[in-house]
Every structure is written in C-alpha cells, then in structure tokens.
Number of protein chains: 2
Amino acid sequence: MAATPRGLSELLERNGVRATPRRLEVLEELAHERDDVTAQQLWTRLRDRDSRAGLATVYRTLALLSERGVVDVLSHHGGEQCYRLCGAEHHHHLLCERCHRVVEIQECGLDDWVVAAADRHGFVATDHRVEIVGVCADCRRV
Amino acid sequence: MAATPRGLSELLERNGVRATPRRLEVLEELAHERDDVTAQQLWTRLRDRDSRAGLATVYRTLALLSERGVVDVLSHHGGEQCYRLCGAEHHHHLLCERCHRVVEIQECGLDDWVVAAADRHGFVATDHRVEIVGVCADCRRV
DNA sequence: CGTGGTAATGAGAACCGTTATCGTTCTCGC
DNA sequence: GCGAGAACGATAACGGTTCTCATTACCACG
C-alpha cells in the first residue's frame, strides 16, 4: 500500500514510461488516494502542494498510465472520468453508492459464467467488466 | 422486436411520459437500431428523415427515457454516451469489440456471487453491472 | 563541460458533447 | 374554441478534455 517514491519510479520504468518529476508527482498523489479522483481534483491537490504541474500534463500523464494499465479509469460519474491506481492483475470494483468508496475485488471466478453467456449468443468472450454497487460498512453504520 | 408505433406510444404512456410526435419519432428511430446510438447520430438520422426535431429535444427525450428505465445508457465510448432501447427487466450487455454490436443478456444468475463478493468486503450489494466484451459470430467468420 | 536532438512541460486556446435559456408552438381538459 | 402548462427549436453557455506551440529539461555523444 505505502509505495515508496522509489517504487513509483520503478513502476513507471517497468511500464516503459520515463520517470520524470511531474509524472512522479502525479503518481504519488494518486497513491495517496484511497478511492478514485478526477483529473481536475488531482490537479488542484498538486497545486495546493506547490506543484507547478499544468492541467494538460496531468491529463497527459493519466492517459499514458491508463494506456499502460497502471491506472484504472472509471466512468461512474456521468461525463467525468475517475482515475485509480490499481493492481495489475484482473480485478473488478465495488462502489459505495453513498460515500463513493472504491474497493478492488481480486477474486473474480466468473470466467466460466462469462464464457458460457457469451457462447450462448455466438460470441467469443475476450474480456469482461463488473461493477458492484452497494453500501459500505461505514455508511451502513450511520 | 418489431414494435409498432402504437406499441411505442403505449410504452411512453405506461412510463408516465406524454406521447408527443417528437418523442415518438425519437423512440421509433431507436427501435430501428440494432445496437446503440449516440444522441447526435440519432439527431442526424432524424434530420435525414425530414424530421425537424432539435438536438436539444433529442437529448431531453433520451434523458427522460433513461430516467424512466426505457432506454439504457452505455458509456463504452470515452466521452460520448450511447443509448439503446432495452427490455425493462434486469439484464447485462455483450459487446462486439470489432463491429460494436450490442446484445442483451437476459439470464443473469449472478446474484449469489455478487452478494458474496460484496459481503466479503463489508458491503451490502444493491446493484451490479456486467459488460462482456468479445467477438460476435459475424466478425469471427471474416 | 558544450552541444544538439528529442521528449516533456505549461499556459491557454480550441474542441465537442451536453445542458440551460428563452421565446414560440403545441396539447389537452374544459 | 380557449387558456394554462408542457413541449419544442434555435442557439448560447458550460465543462471536461485535448490540442497547439513556444519553452524547458533531459541525455547521448563529442
């Protein structure tokens, strides 16, 4: 969880992305985020931390990272995209409909179901996305 | 599948939406579509058919219909929303990654899995969305 | 150390899908 | 028919994202 700046730098290089100071700033800010953030939120936070990063750079970096599979892009807010630093393995997401908390589900186990459902309609499945919406433990307590 | 204009009118009334000529035009155009369409595509097609419908009306109608659950909104194209006339029951979608064909999957059967996965992380599941991406029979044949 | 070529960056304009505004037109119960 | 309220069309406004371009940082090579 607590990825060191050193680890972040390696994460970039490993994915064929040059580890520049700006990209590390963006990545570090993403690593601090429990749930997900929009590009504009990220930019505002960087500004508050005295980074001089431009909005365009934030967008460029996020686009690059999502292309390389380093970050996930969620479209659960109409119009606006949310970004999240996620594990590289296949996973799904659990969303809290009240506080917008995002949790990764590592255990998928749907492959057989997916293949069967696709086959029933003449498709060959290559990928699938699942989002579970619910209420998290904290929000239920209130 | 081949919904008559009469049926479309009823479909609107049944969902508490006044069946105006413009809304029927939009709905009929949607009914002609095998897969899904963007608002702008729909508007262009209506124009080509000598409808004088304004773009705003198309957006308003689609928003109204999706609110009432008459049409599904898919965000699988970055930025742009796609609309599709779908069954009222719970269902998922199968997408062809080549020709963008969209097929409804009526059989879900994931409820137990969803509840269990949510529970494992302290969530109470209220809803879930599944999208299977693959290659349809036609595209595989080529 | 210079130096030159390439990649990255910041500021702001441009873009584009969507929504709001507003004056006009239509609809429907009376 | 008539009047109140809903729907509509044209177009301006909005907001998130991408593009442009001049400037700056990086790095291999001399």
Side-chain angles (χ1 to χ4, degrees), chain A residues 8-9 12-13 15-30 36-68 70-84 100, chain B residues 5 8-13 15-30 36-68 70-84:
Chain A
L8 297 181
S9 179
L12 290 178
E13 303 286 6
N15 285 281
V17 178
R18 196 146 86 187
T20 67
R22 287 291 171 261
R23 287 172 180 167
L24 283 170
E25 281 178 20
V26 170
L27 200 52
E28 200 192 336
E29 194 61 48
L30 265 177
D36 55 6
V37 269
T38 66
Q40 316 239 6
Q41 286 173 332
L42 208 50
W43 177 66
T44 304
R45 293 185 195 175
L46 288 173
R47 280 292 156 115
D48 291 346
R49 291 185 176 220
D50 300 321
S51 164
R52 236 165 306 117
L55 183 56
T57 299
V58 172
Y59 274 104
R60 275 189 289 240
T61 302
L62 290 172
L64 197 56
L65 293 180
S66 71
E67 207 173 276
R68 296 296 204 281
V70 177
V71 306
D72 279 6
V73 186
L74 306 184
S75 309
H76 53 126
H77 288 174
E80 207 166 2
Q81 314 235 63
C82 294
Y83 299 87
R84 182 172 204 275
H100 295 141
Chain B
L8 296 181
S9 181
E10 271 169 21
L11 180 57
L12 289 178
E13 304 286 6
N15 285 279
V17 178
R18 195 146 87 188
T20 66
R22 287 292 172 259
R23 288 172 179 165
L24 284 170
E25 282 178 19
V26 170
L27 200 51
E28 200 192 337
E29 194 60 49
L30 265 177
D36 54 7
V37 266
T38 65
Q40 316 240 5
Q41 285 173 331
L42 208 49
W43 177 67
T44 304
R45 292 185 195 175
L46 287 173
R47 281 292 158 112
D48 291 346
R49 290 184 176 221
D50 299 320
S51 164
R52 236 166 305 114
L55 183 56
T57 298
V58 173
Y59 274 105
R60 275 189 289 240
T61 303
L62 290 172
L64 196 58
L65 293 179
S66 71
E67 207 174 276
R68 296 295 202 283
V70 178
V71 306
D72 279 6
V73 186
L74 306 184
S75 308
H76 53 128
H77 287 175
E80 210 165 358
Q81 314 235 65
C82 293
Y83 299 87
R84 182 172 205 276

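Scope of the values below: all heavy atoms of this structure, side chains included, with no hydrogens, waters or symmetry mates. Throughout, protein chains are lettered first and strands after them, A, B, ... in sequence-line order, and every chain is numbered starting at 1.
Under 4.0 angstrom from either OP1 or OP2 of dG9(D) there lies at least one side-chain N or O belonging to Arg22(B). Taking side-chain N and O atoms only, Arg18(A) has no distance below 4.0 Å to OP1 or OP2 of dC27(D). A close approach under 4.0 Å does occur between a side-chain nitrogen or oxygen of Thr20(B) and OP1 or OP2 of dC8(D). Regarding contacts with the backbone of dT17(D), a side-chain N or O of Tyr59(A) is found under 4.0 angstrom from either OP1 or OP2. Side-chain nitrogen and oxygen atoms of Arg47(A) include at least one within less than 4.0 Å of the OP1 or OP2 phosphate oxygen of dA11(C). Using a 4.0 Å cut-off, some side-chain N or O of Arg23(A) falls inside it from OP1 or OP2 of dA8(C).
Spacing between atom NE2 of His77(B) and atom P of dT17(D) amounts to 18 Å, rounded to whole angstrom units. Atom OH of Tyr83(A) is separated from atom P of dG16(D) by 12 Å (rounded to the nearest Å). In this structure, the CZ atom of Arg52(A) is 15 Å from the C1' atom of dA8(C), given to the nearest Å. The distance between atom CG of Leu65(A) and atom P of dA8(C), rounded to the nearest whole Å, is 12 Å. Protein atom CH2 of Trp43(A) is 15 Å distant from nucleotide atom C1' of dT18(D), rounded to whole Å. The nearest whole Å value for the distance from the CD atom in Gln40(A) to the P atom in dT18(D) is 11 Å. Taking atom CG of Leu64(B) as the reference point, atom P of dT19(C) lies 13 Å away to the nearest angstrom.
Comparing dG17(C), dG9(D), dG10(C) by their closest approach to the side chain of Arg60(A) singles out dG10(C). Here the nucleotide nearest the side chain of Pro21(B), chosen from dG9(D), dT27(C), dG16(D), is dT27(C). The nucleotide whose nearest atom lies closest to any side-chain atom of Leu55(A) is, among dT17(D), dC19(D), dT18(C), dT17(D).
Both Ala19(B) and Thr61(A) lie near DNA chain C, and the one whose nearest nucleotide falls closer to the 5' end is Thr61(A).
The rotation axes computed at either terminus of the helix from dC1(C)-dG30(D) to dC30(C)-dG1(D) lie 30° apart, taking five pairs at each end and rounding to 10 degrees.
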Derivation of the side chain to side chain contact (heavy atoms under 4.5 Å, CB included) call for Leu42(B) and Leu62(B): CA-CA 10 Å; Leu42(B) 208 49; Leu62(B) 290 172; 4.0 Å; yes
